[in-house]
Amino acid sequence: MGEKTMTTLTVTGITYLDGCMPLTGIAINSDGDEVNLIFNEQRVALLDTIEATGEMVTSPHHGGRPAFAIASVQDVRQGTFGSLRRRLKNE
């Protein structure tokens with residue numbers, strides 16, 4: 001079996017979390033693209049911005065589509081409704 005390729009992903013907005021373990025969700029990355037996510041035990045909220053390391057996998061939780069399986073989260077900036085409104089106002 002090949003070596004795992006770990007990459008870093010910046011998520012600027014989480015649009016969906018399912019609440020099951022492993023925690024799965026859908027987010028927007030720093031390029032503005034939608035990405036499927038699989039978390040292990042990270043604690044995140046919908047308005048958080050995170051920088052994570054992980055690998056792309058085929059996800060049975062996302063109907064067999066690609067997903068970013070997060071191995072570790074290096075940075076979490078907690079978002080609030082106020083920060084979201086400010087971010088949207090500046091766009």
Side-chain angles (χ1 to χ4, degrees):
M1 199 169 275
E3 241 180 75
K4 291 182 179 182
T5 304
M6 300 297 270
T7 58
T8 300
L9 174 73
T10 300
V11 170
T12 58
I14 300 170
T15 58
Y16 169 76
L17 291 173
D18 73 355
C20 298
M21 287 309 240
L23 188 63
T24 62
I26 301 170
I28 305 300
N29 68 16
S30 58
D31 294 331
D33 299 324
E34 189 174 270
V35 61
N36 297 316
L37 299 176
I38 302 172
F39 298 90
N40 277 333
E41 297 182 20
Q42 290 83 9
R43 302 287 181 238
V44 295
L46 289 176
L47 298 175
D48 290 350
T49 297
I50 64 170
E51 184 176 296
T53 300
E55 64 177 324
M56 291 303 291
V57 298
T58 300
S59 172
H61 306 288
H62 295 91
R65 294 185 305 276
F68 190 78
I70 295 175
S72 64
V73 175
Q74 289 79 26
D75 186 30
V76 176
R77 290 178 294 285
Q78 294 182 327
T80 63
F81 284 111
S83 64
L84 179 61
R85 277 194 293 268
R86 283 190 300 277
R87 190 180 320 157
L88 292 173
K89 186 178 178 182
N90 292 329
E91 290 182 356

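If you take CD1 on I70 and CD1 on I50, they are separated by 4.0 Å, rounding to the nearest 0.5 Å.
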Practice problem: Run the numbers on I38 and H62 for side chain to side chain contact (heavy atoms under 4.5 Å, CB included), then give the verdict. | Solution: CA-CA 9 Å; I38 302 172; H62 295 91; 4.1 Å; yes
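Listed for the D31 side chain is no donor-acceptor partner under 3.5 Å among the backbone atoms of D33.
With sequence neighbours left out, D18 forms a side chain to side chain donor-acceptor pair (under 3.5 Å) with T24. Here H61 pairs with nothing under the side chain to side chain donor-acceptor pair (under 3.5 Å) rule; sequence neighbours left out. Residues passing the side chain to side chain contact (heavy atoms under 4.5 Å, CB included) test with T58: none are found, sequence neighbours excluded. T10 is linked by a side chain to side chain contact (heavy atoms under 4.5 Å, CB included) to T12, S30, E51, counting only residues two or more places apart in sequence or in another chain.
Apart from I26 itself, the hydrophobic cluster it occupies contains Y16, where clustering links Ile, Leu, Val, Met, Phe, Trp and Tyr at side-chain heavy-atom distances under 4.5 Å.
The salt bridge (Lys or Arg N to Asp or Glu O under 4.0 Å) analysis of residues 55-69, with sequence neighbours excluded, yields the pairs K4-E55.
Listed here is the closest heavy atom pair of N36 and P66: ND2-O, 3.1 Å.
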